[in-house]
Amino acid sequence: MNILAIETSCDESSVAVLRDEQIFQLTASQIDVHKQFGGVVPEVAAREHVPVMMPFVEQVLAQAGITPEQLDRIAVTAGPGLITSLLVGVETARALAYGWQKPIFPINHIEGHIAANFLVHSGNHSKDIPFPAVALVVSGGHTELLYMPKPGVYELIGATRDDAAGECFDKCARVLGQPYPGGPAISKLAASGDATQYSFPSPMVNSNTFDFSFSGLKTSVLYFHRDHPDAKLEDVCAGVQEAIVNSLHVKTVRALEQYDAQAVLVGGGVAANPLLRERLQTLDVPVFIPPLEYCTDNAAMIAAACRLHDTPTELFAFRADPNWELTPR
Ligand code: KG4
Ligand code: ZN
């Protein structure tokens, strides 16, 4: 099967062709553009997506060695995400599907992050993953725990009540004078720090829900930095990282126990965090984490999610939905 996939939900413009198990992908990151503002500016992100869409589609088809006629499906991220950014991908995909007369599959971005684990390039295939499983999606925009009785079926069991885990890394980094995106900056500094020097609150670990909350941690780092400007930065970063990772770890363990799950599927940019990866590897079920390029936003994962569906959507029957929740089906 040949799938053309487009992902523009935030600040990555990505186009991929999945030819059976082979991936051809082009991704343009806008990080340098948004860095000067300390975070993603939605209007700017949308404008940046526009000029790369058609050249990427042409180049990726050429790399895959196929013509538009040979495509079986067109898949596109339709939500959740920034509405301005989503619209660029959705309307590009719709126009192509109309012009080339191809079936279109609007894909949920969260499902994409989970489905990245089904790419053979991730070292596994859905048939190798034992179910039921628990999925942990951790990125700049999302922190969600989902129960998956089988591939393609999801029950949202927990989510952040305020900031996402990646957003917390980004905001703490900003408080500490570090560049955007903050996750890589904090984890790099934390590598030579001592996490036991300063202890920050691990949000919601004692609550009985699977929900997360990260805005309080950001505030406590803000006050700590104001009151202890001379604290060793590496130690502060190690403490912040420990607090975030601990809360993700504790909730994942609790979900595994409650749902008697046989595996954990991880996705999203925060899955690049070395401490999170290390902590999750200590679980007593197999843990699947895609390689870095398929953890951060990419179109190949949208093609992988498309393969979980049988029926296309009528061309004009869907819209970009910034709040699309992955509901049970
Ligand atoms: O999935 P992603 O590329 O985009 C969104 O959908 O948000 O995730 C980006 C997020 C940013 O918040 C970034 O700080 C975080 O992933 N991130 C990390 C690391 N690398 C990226 N967080 C912690 N540790 C890292 N090494
Ligand atoms: Zn994402």
Side-chain angles (χ1 to χ4, degrees), residues 5-14 25 27-31 34-35 38-42 45 49 76-82 85-86 89 107-117 135-144 146 159-160 163-176 178-191 193 195 212 214 217-218 237-249 266-280 289-302 304-305 322 324 326:
I6 296 178
E7 154 65 44
T8 63
S9 66
C10 188
D11 61 342
E12 239 86 37
S13 321
S14 187
Q25 178 167 272
T27 302
S29 169
Q30 304 175 1
I31 281 183
H34 298 292
K35 225 173 198 160
V40 178
V41 183
H49 286 309
V76 62
T77 306
L82 302 171
S85 289
L86 288 166
I107 301 296
N108 183 293
H109 182 77
I110 301 294
E111 181 170 40
H113 274 303
I114 298 168
N117 287 289
L136 174 69
V137 178
V138 273
S139 72
H142 310 281
T143 306
E144 302 190 349
L146 302 106
T160 182
D163 293 351
E167 190 178 0
C168 184
F169 271 110
D170 295 339
K171 287 180 174 171
C172 290
R174 198 171 176 167
V175 166
L176 298 170
Q178 297 304 306
Y180 173 85
I186 289 193
S187 64
K188 202 165 162 217
L189 286 162
F212 304 89
F214 291 105
L217 173 58
K218 167 198 66 192
C237 287
V240 169
Q241 176 175 259
E242 173 61 35
I244 297 173
V245 168
N246 183 45
S247 114
L248 298 172
H249 175 237
V266 191
V270 180
N273 185 269
L275 184 69
L276 178 64
R277 296 174 90 98
E278 186 188 309
R279 198 67 53 92
L280 291 176
I289 309 177
L292 191 52
E293 65 180 305
Y294 303 117
C295 278
T296 52
D297 289 349
N298 67 90
M301 70 184 195
I302 301 304
W324 183 7
L326 191 50

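Ligands are counted one by one from 1 in listed order, and the atoms in each one are counted from 1 as well. All values below come from the heavy atoms of this structure, side chains included, with hydrogens, waters and symmetry mates left out.
Taking the side chain as every heavy atom from C-beta outward, Q25 and N298 approach each other to under 4.5 Å. In this structure, the side chains of P80 and I110 come closer than 4.5 Å at one or more pairs of heavy atoms. Side-chain contact between S85 and C10: absent, with no pair of heavy atoms (C-beta onward) separated by less than 4.5 Å.
No side-chain donor from either of H49 and D11 sits under 3.5 Å from a side-chain acceptor of the other.
Looking at F169 next to ligand 1, no N or O pair under 3.5 Å apart turns up. When only interatomic distances are considered, the shortest N/O to N/O separation between G166 and ligand 1 falls below 3.5 Å.
With hydrogens left out, the protein atom closest to atom 4 (O) of ligand 1 is D297 OD2, 3.4 Å, a heavy atom. Closest to atom 24 (N) of ligand 1 among all protein heavy atoms lies N273 ND2, 3.0 Å. In this structure, the protein non-hydrogen atom closest to atom 7 (O) of ligand 1 is G140 N, 2.8 Å. The shortest contact between atom 22 (N) of ligand 1 and any protein heavy atom is with G183 CA, 3.3 Å. Of all protein heavy atoms, the one closest to atom 26 (N) of ligand 1 is S187 OG, 3.2 Å. Here the heavy atom of the protein found nearest to atom 21 (C) of ligand 1 is G269 O, 3.5 Å.
Residue-level proximity to ligand 1 for D170 is carried by the side chain, the only part with a heavy atom below 4.0 angstrom. At a heavy-atom distance under 4.0 Å, atoms from both the backbone and the side chain of P184 approach ligand 1.
Only protein N, O or S atoms were scored, and 3 of them lie under 2.8 Å from the Zn ion (ligand 2).
Interface of V270 with ligand 1, defined as ligand atoms under 4.0 Å from a residue heavy atom, comprises 15 (C), 16 (O), 18 (C), 22 (N). For ligand 1, the atoms closer than 4.0 angstrom to any heavy atom of G141 are 7 (O).
Within the model, atoms CH2 of W324 and CD of E111 stand 7.5 Å from one another, a figure rounded to the nearest 0.5 Å.
Across G268 and S139, no two heavy atoms sit closer than the pair CA-CB, 4.1 Å. Smallest separation of non-hydrogen atoms from H109 and M301: CE1-CE, 3.5 Å. Contact between G183 and D170 at its shortest, heavy atoms only, is N-OD1, 3.6 Å. Annotation for Q241 and I186: closest pair CB-CG2, 4.4 Å, computed over non-hydrogen atoms. In this structure, T143 and F214 approach most closely via the heavy-atom pair CG2-CE1, 3.9 Å. The minimum heavy-atom distance between A305 and I107, with the atom names listed, is CB-CG2, 3.6 Å.
Remark: of the listed residues L248, I244, T160, V245, L248 is the sole one forming a side chain to side chain contact (heavy atoms under 4.5 Å, CB included) with V138.
Judged by the shortest distance from any of its heavy atoms, H113 lies inside the 4.0 Å radius around the atoms of ligand 1. Residue contact check for ligand 1: C10 places no non-hydrogen atom closer than 4.0 Å to it.
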task: Give the intermediate values and the outcome of salt bridge (Lys or Arg N to Asp or Glu O under 4.0 Å) for residues E167 and R174.
output: CA-CA 10 Å; E167 190 178 0; R174 198 171 176 167; over 6 Å; no
